[in-house]
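Residue numbers begin at 1 in each chain, while the letters A, B, ... track the order of the sequences.
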Protein chains: 2
Amino acid sequence: MIKLLLAEDQGMMRGALALLLGLEEDMEVVAQVATGDAIVPSALETGPDIALLDIELPGRSGLDAAAELRERLPSCAVLILTTFGRPGYLRRAMEAGASGFLVKDGPVEELAAAVRRVLAGERVIDPALAAAALSAGPNPLTARERDVLSAAADGSTVADIAGRLHLSPATVRNYLSAAIGKTGTRNRMEAVGAARRNGWL
Amino acid sequence: MIKLLLAEDQGMMRGALALLLGLEEDMEVVAQVATGDAIVPSALETGPDIALLDIELPGRSGLDAAAELRERLPSCAVLILTTFGRPGYLRRAMEAGASGFLVKDGPVEELAAAVRRVLAGERVIDPALAAAALSAGPNPLTARERDVLSAAADGSTVADIAGRLHLSPATVRNYLSAAIGKTGTRNRMEAVGAARRNGWL
DNA sequence: GGTCGGCGTTGACAAATGTCACGGGTGCGC
DNA sequence: GCGCACCCGTGACATTTGTCAACGCCGACC
């Protein structure tokens with residue numbers, strides 16, 4: 001019997017997937033969580049064979065949780081299940097030790113099949129997405145540039161960001177300028193968009 | 001037998017919902033579409049009793065399609081099923097003649113129940129959401145302000161927008177300024193965010 | 001007819017943003 | 001030790017953005 005953990009914030013999606021996977025004779029959903037923080041504790045308690053993780057979760061990124069989970073419960077495989085096939089997400093997922101990366105497009109039947117393939121030792125990745133991730137190259141932004149760009153993503157002004165990050169306004173503008181340059185965009189708004197699209201956020 | 005049409009762009013979600021609803025003894029999914037354009041033609045062909053529509057679809061908004069559907073096939077009820085409970089979305093859904101408005105949080109069981117309640121003549125709306133929609137008031141933006149703000153949403157500069165909309169740059173800035181004022185924000189980026197959150201986009 | 005709101009435009013102004021060159025500090029690898 | 005990349009800051013500069021006041025042109029409504 002394959003024991004599954006399911007992490008997904010949209011209640012309807014979570015419920016539907018849990019029901020469908022439960023219908024497979026050899027599978028059993030032993031835990032369902034809606035937040036990123038709940039993943040590791042719940043996994044340690046229920047000891048699943050595989051964890052299906054969404055990335056964009058309240059509280060903590062599924063990628064973060066995946067890394068910690070692989071470390072503290074190596075017997076549990078990780079299969080990322082996400083809405084967006086962002087190149088940077090795939091890269092980070094692989095670095096975190098995930099065995100598979102599935103996007104929520106594509107038919108439901110793929111899901112159970114992917115679970116079985118992962119537990120058979122295979123790595124499950126959409127080939128087109130893998131190609132995109134390789135061609136896009138690694139994240140060009142430094143840690144600080146990411147911080148500043150993230151802080152700017154909601155429309156905050158330079159002064160806001162400077163205050164929030166305890167930096168000088170001039171420094172903030174320099175980081176933003178660098179981020180704009182590296183993303184090949186024309187202003188912070190386009191830079192935020194480009195960084196998001198690539199999963200660099 | 002209740003005949004259902006399902007419009008949802010995420011393949012996995014669509015498949016899962018179709019399977020679950022198909023398990024109900026009195027329901028039958030007669031059509032599944034992934035784009036907004038496909039809704040009306042498919043409905044006219046298959047003649048469903050109720051259409052479950054997502055809002056944010058490729059090609060055409062589910063709200064647009066809902067309005068046309070109500071007009072051309074009045075026998076078909078409309079139940080909006082969306083990720084985001086934006087006040088403006090609810091308002092527009094009601095104006096388009098929808099009988100219900102469900103968010104994708106909350107348990108799957110709600111869905112079949114909502115379908116039955118709608119067909120029994122009830123209106124299905126989350127009370128908290130209804131209150132939010134009423135307290136938020138109607139969309140304060142004029143048509144042109146919406147155009148300009150939408151065009152600015154991707155990070156375009158004033159000159160870009162002016163070119164795309166065949167307007168003078170100064171005019172564009174005036175509309176943006178008005179939108180910023182009406183949304184109570186400080187710059188176009190916050191204005192875009194606020195407009196999105198409220199479903200005014 | 002008059003009023004009002006929306007549309008499109010202009011011009012001028014202050015403020016925010018983006019760019020550049022430069023400085024000093026740290027830690028890392030060769 | 002030396003170079004290198006990243007961190008943080010400064011000052012100056014051009015450009016963009018946001019604001020305000022004003023004008024004419026509709027169409028709707030009373």
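- Remark: P of D:dT16 and CZ of A:R188 are 15 Å apart, rounded to the nearest angstrom.
- Put simply, the side chain of A:T171 does not reach to within 4.5 Å of the side chain of A:R144, judged on heavy atoms.
- B:T142 comes within 4.0 angstrom of sugar-phosphate atoms only, judged by non-hydrogen atoms across all strands, and of no base.
- Following rounding to the nearest Å, A:E145 (CD) and D:dC6 (C1') show an atom-to-atom distance of 9 Å.
- Within the 4.5 Å cutoff, no side-chain heavy atoms of A:T183 are placed close to those of A:E190.
- Residue B:T157 has no polar side-chain atom (N or O) positioned under 4.0 Å from OP1 or OP2 of D:dT16.
- When rounded to the nearest whole Å, the span between CG of B:L149 and P of C:dC7 equals 14 Å.
- With rounding to whole Å, B:I180 atom CD1 is found 11 Å from C:dT17 atom P.
- The distance from atom CE of B:M189 to atom P of C:dT17 is 11 Å, rounded to the nearest whole Å.
- One donor-acceptor pair, N or O on each side, does fall under 3.5 Å between the base of D:dT10 and the side chain of A:N174.
- Each of A:S168 and A:K182 lies near DNA chain D, and the nucleotide nearest A:K182 is the one positioned closer to the 5' end.
- Side-chain polar atoms of B:R186 and A:T157 form no donor-acceptor pair below 3.5 angstrom.
- When each of B:L167 and A:R173 is assigned the nucleotide of DNA chain C with its nearest heavy atom, B:L167 is the one assigned upstream, toward the 5' end.
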